Amino acid sequence: MTKELIQNANEFIIDFYKETGRDGTKAKDRLQCIQKEIEQTGTYTHEFEELEYGAKLAWRNSNRCIGRLFWQTLHVFDEREARTEDEVFSALERHTDFAFNEGKIRPAITVFRPAGEQTEELRLWNHQLFRYAGYENGGDPHSKDFTKQCESLGWQGEGTHFDLLPWVVQLGKKRPVWKDVPAHCRKEVQIDHPDFTDFKSLQLKWYPVPVISDMRLQIGGIDYKSAPFNGWYMGTEIGARNLADEDRYDQLPAVANVMGMDTKHSSALWKDRALVELNVAVLHSFKKAGVTIVDHHTAAKQHLIFEQNEEAAGRKVTGDWTWLIPPVSPAATPIFHRAYDNTVKSPNFFYQDPAYTT
């Protein structure tokens with residue numbers, strides 16, 4: 001393990017000094033310090049500039065992300081010194097306030113202390129910092145398991161379709177602590193349609209900032225198991241998945257009804273028409289509310305620019321085609337006919353089992 005960690009650190013530090021234009025001769029001194037620290041403690045500590053660079057690289061290397069053009073704009077909050085649940089909650093508030101930015105969403109990541117034998121493991125139980133509860137008879141089915149965990153800790157929702165789940169933090173083997181999302185962080189967009197006035201009767205809404213909080217950030221062999229990060233939404237994430245999927249909010253029949261469509265025959269393509277109009281509604285509503293969002297055609301063009309930038313920098317572009325193509329009209333986007341090497345690079349974000357199952 002020590003040898004592998006030293007190797008991973010070496011590769012990362014060499015790339016760090018090379019890409020950031022630092023004095024290459026000083027990289028050798030830094031590597032010697034890291035090796036000594038690993039031999040003495042079994043791990044090493046990233047300097048802030050290394051952490052910042054590594055987090056940005058993790059976004060750049062995320063094969064499933066169509067929004068990588070903006071990887072260099074990621075703002076990094078270094079919260080590795082957070083020691084108590086209250087300090088963690090305060091950090092999450094700072095992150096969400098910064099990210100929302102009065103609707104002008106800013107990409108951000110908050111990095112808490114890494115996993116290690118010398119410190120208590122810090123885990124966030126949430127899949128996303130904002131997520132709606134799931135009940136047997138309503139809400140978001142994706143959240144049912146986590147909702148039950150929250151209820152077992154003493155949280156109680158109102159039982160609506162859109163109850164924001166609390167933030168849950170666990171330090172080591174201590175009992176998890178939950179906190180309701182603070183009022184000033186509770187930003188939501190009401191969904192209506194520019195043409196169908198009855199659309200409002202569906203009473204749909206969604207939160208504006210997608211903060212993924214259950215993935216493991218790996219930089220130079222160091223694992224940060226709690227590192228919530230966000231960009232901004234691509235409309236189809238909400239309109240073609242969250243609100244449309246049959247195992248999520250399953251709203252296509254309701255949308256078709258509002259539009260006055262005959263849903264008896266699939267050959268009428270009522271699902272397709274409802275899906276498009278639901279996505280029109282999402283994009284319209286976010287723009288009306290002054291909240292950053294991108295449509296899938298624009299996002300695909302931005303990814304092409306990302307590819308061109310990477311090629312110009314002499315770097316090979318990797319990607320997962322099955323994730324990069326959008327769930328609506330993929331063949332109409334310029335990335336549909338392209339092929340990608342799905343090799344996974346590090347630094348990167350990796351899936352991990354939910355904290356409440358380990």
Side-chain angles (χ1 to χ4, degrees), residues 5 8-9 11-13 15-16 19-20 30 34 37-38 41-62 65 67-68 70-101 105-130 167-172 179 185 209-232 345-355:
L5 181 55
N8 290 334
E11 293 174 358
F12 169 68
I13 293 299
D15 286 344
F16 167 68
E19 284 202 18
T20 57
R30 176 62 179 140
I34 289 175
E37 186 177 356
I38 292 174
T41 68
T43 187
Y44 72 101
T45 302
H46 288 126
E47 296 178 349
F48 174 75
E49 290 78 10
E50 296 165 355
L51 181 74
E52 182 180 48
Y53 165 79
K56 291 180 178 181
L57 231 61
W59 186 6
R60 193 179 80 191
N61 290 336
S62 295
C65 180
R68 291 180 285 174
F70 306 98
W71 66 274
Q72 295 184 73
T73 68
L74 182 68
H75 183 87
V76 180
F77 289 100
D78 183 359
E79 295 288 350
R80 289 176 291 176
E81 294 301 314
R83 287 293 178 268
T84 68
E85 293 91 349
D86 284 342
E87 289 175 342
V88 173
F89 288 136
S90 294
L92 298 181
E93 288 188 46
R94 288 192 292 272
H95 180 131
T96 55
D97 284 342
F98 175 89
F100 180 67
N101 188 35
I105 310 298
R106 294 183 285 200
I109 184 170
T110 295
V111 184
F112 294 102
R113 63 174 180 258
E117 297 180 0
Q118 307 299 320
T119 58
E120 287 183 313
E121 183 171 278
L122 190 163
R123 290 295 302 273
L124 303 177
W125 279 27
N126 304 70
H127 165 57
Q128 295 185 19
L129 292 187
F130 302 102
W167 293 337
V168 181
V169 174
Q170 184 173 23
L171 299 179
K179 176 180 180 178
C185 297
V209 189
V211 189
I212 305 296
S213 53
D214 63 350
M215 296 188 77
R216 169 173 58 91
L217 168 64
Q218 185 182 79
I219 301 175
I222 300 297
D223 288 329
Y224 298 92
K225 293 188 176 182
S226 293
F229 63 92
N230 74 275
W232 48 76
K345 300 178 180 179
S346 184
N348 216 317
F349 296 99
F350 296 92
Y351 292 106
Q352 57 186 345
D353 292 332

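Not measured: the values here are computed from a predicted model.
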Novice: Can you label the angle between the Trp167 ring and the Phe130 ring as parallel, tilted or perpendicular, going by 30° and 60°?
Specialist: perpendicular

Novice: Hey, are Glu19 and Arg60 close enough for a salt bridge, meaning a charged N less than 4.0 Å from a carboxylate O?
Specialist: yes

Novice: Indicate whether any N or O donor in one side chain lies under 3.5 Å from an N or O acceptor in the other, for Ser346 and Gln218.
Specialist: yes

Novice: Examine distances only and state if a side-chain atom of Asn61 and a backbone atom of Pro347 form a donor-acceptor pair shorter than 3.5 Å.
Specialist: yes

Novice: Would you call Tyr351 and Arg216 a side-chain contact if the rule is heavy atoms closer than 4.5 Å?
Specialist: no

Novice: Taking Val168's backbone N and O only, do any of them form a donor-acceptor pair with Asn126's side chain (distance below 3.5 Å, no angle check)?
Specialist: yes

Novice: Please check this pair: side chain of Arg113 against backbone of Ala82, looking for a donor-acceptor N/O pair closer than 3.5 Å.
Specialist: yes

Novice: Strictly distance-based, threshold 3.5 Å: is any side-chain N or O of Gln352 a donor or acceptor partner for the main-chain N or O of Asp214?
Specialist: yes

Novice: Within the structure provided, determine whether Glu47 and Arg30 are in side-chain contact (heavy-atom separation under 4.5 Å).
Specialist: yes

Novice: Closer than 4.0 angstrom, basic N to acidic O: yes or no for Arg80 and Asp78?
Specialist: yes

Novice: Take Trp232 and Phe70, measure what ring-ring contact (aromatic ring centres under 6.0 Å, His included) needs, and give me the verdict at the end.
Specialist: CA-CA 11 Å; Trp232 48 76; Phe70 306 98; 5.1 Å; yes

Novice: Pairing donors with acceptors under 3.5 angstrom, does anything connect the side chains of His46 and Tyr224?
Specialist: yes

